[in-house]
Number of protein chains: 2
Amino acid sequence: MSNIVNIEYNNLLELFKEILRQNGLKYTKQREILLKCLYNNNDHFTPENLYLHIKSIYPELNLGIATVYRTLNLLEDAGIVTSLSFGAQGKKYELANKPHHDHMICKICGGITEFQNALIEQKQLDIAKEHDFTLTGHLMQLYGICVECSKKGNK
Amino acid sequence: MSNIVNIEYNNLLELFKEILRQNGLKYTKQREILLKCLYNNNDHFTPENLYLHIKSIYPELNLGIATVYRTLNLLEDAGIVTSLSFGAQGKKYELANKPHHDHMICKICGGITEFQNALIEQKQLDIAKEHDFTLTGHLMQLYGICVECSKKGNK
DNA sequence: GTGATTGCAAAGAGTTTGCAAATGC
DNA sequence: GCATTTGCAAACTCTTTGCAATCAC
């Protein structure tokens, strides 16, 4: 457990508290724990995943699923988390301040693999420049079938 | 109205019929009209959009929304249409056989510029291979400010 | 103390499914 | 003729909302 990690978490927490303060909102146990769980589990959560995870670790909190949805929407508006869409199967959330990466999404199990590629990033800049387009962000997702699902057989 | 367009449509229709035949499925009025509407409207449809659109043009068909969902799933499995996800807000569908392209989306005017880049496409294949991921599709969108909006001033 | 937040349950939105009647092959 | 498909309505999944009690400031 490094100090660096804790310093990063404290920065994130301060940012969150500051945003709450500026909007006349309150810092509650539920919001605190939700952010902490997102931070400690470097993963992509569905709202239900997160709800069950927190219920199992903090049963005394008596958390409601509606609070998870409300807090995730709040965090997304604040730019602290980002979401990935899965049609009617909902969304998955992750912290927004992670180093930049893109996603490979398995159509069968819904699993997400992260990747990073400097060449593609560079090429995006080139393309934007060619079109005199001022680039501010991008979204790239690859869809297919992950190793595990491929092994399980071709149905 | 060029013949080329009609030939392309007929090819698509034959492909669809062939897939139906090979799977012991039937070629119905509903399936025919749904494919035709997707083809004639070079656009991204939600299932409901498509349902309302067809109801207004072919009221005598007495189409049910369930048939739209069932047919879109069928067409997606067959690789004839592809979908984009919008969380619990559902999906949008478009024909899969359009020439491949990605999108640059202006945050100010909402304008879309299409582009294509073989190097990025190749790199995506490489990345998938590195992870033993069976690639079936991808989504890439660049966000920023287009030339026109840049010229109009920096707000 | 006052207004924001919570858990709960009910309501909404989007999609799928069971079923009897209709249809394609 | 028989299996597939259809429209309808009900069921299902994911998310949001109304409300009274609770809590942060």
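If you walk DNA chain C from 5' to 3' and mark each nucleotide with an atom closer than 4.0 Å to a heavy atom of chain B, the marks span dG14(C) to dC25(C).
Counting to the nearest Å, the P atom of dT15(D) and the CG atom of Asn49(A) are 11 Å from each other. As a whole-Å value, the separation of Leu61(B) CG from dT6(D) P is 9 Å. Protein atom NZ of Lys17(A) is 13 Å distant from nucleotide atom C1' of dC25(D), rounded to whole Å. One atom, CZ of Arg70(A), and another, P of dT15(D), lie 14 Å apart when rounded to the nearest Å. In this entry the distance linking CD of Glu32(B) with C1' of dT5(D) reads 15 Å, nearest Å. Atom-to-atom, CD of Glu60(A) to P of dC23(D) comes out at 14 Å; the value is rounded to the nearest Å. Look at CD1 on Ile65(A): it is 11 Å from P on dT16(D), rounded to the nearest Å.
Rounded to 10 degrees, the angle separating the terminal axes of the helix from dG1(C)-dC25(D) to dC25(C)-dG1(D) is 40°, with each axis obtained from five end pairs.
For the residue pair Asn49(A) and His44(A), no side-chain donor N or O sits within less than 3.5 Å of a side-chain acceptor on the partner. Side-chain atoms of Gln122(B) and Asp126(B) include a donor-acceptor pair closer than 3.5 Å. For the residue pair Glu60(A)/Tyr58(A), the side-chain donor-acceptor check at 3.5 Å is not satisfied. With hydrogens and angles left out, the side-chain atoms of His103(A) and Glu94(A) include a donor and acceptor closer than 3.5 Å.
Between Tyr51(B) and Gly24(B), it is Gly24(B) whose nearest contact on DNA chain D lies nearer the 5' terminus.
Here Arg31(B) reaches the OP1 or OP2 of dT5(D): one of its side-chain N or O atoms lies under 4.0 Å away.
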Which side-chain N or O atoms in residues 19-26 of chain B pair as donor and acceptor under 3.5 Å with protein atoms at least two apart or in another chain?
{"residue": "Arg21(B)", "atom": "NH1", "partner": "Glu18(B)", "partner atom": "OE1", "Å": "2.6"}
{"residue": "Gln22(B)", "atom": "NE2", "partner": "Glu18(B)", "partner atom": "OE2", "Å": "3.0"}
{"residue": "Asn23(B)", "atom": "ND2", "partner": "Ile19(B)", "partner atom": "O", "Å": "2.7"}

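Within the 4.5 Å cutoff, no side-chain heavy atoms of Ile54(A) are placed close to those of Lys36(A).
Aromatic ring centres of Phe45(B) and His53(B) lie closer together than 6.0 Å.
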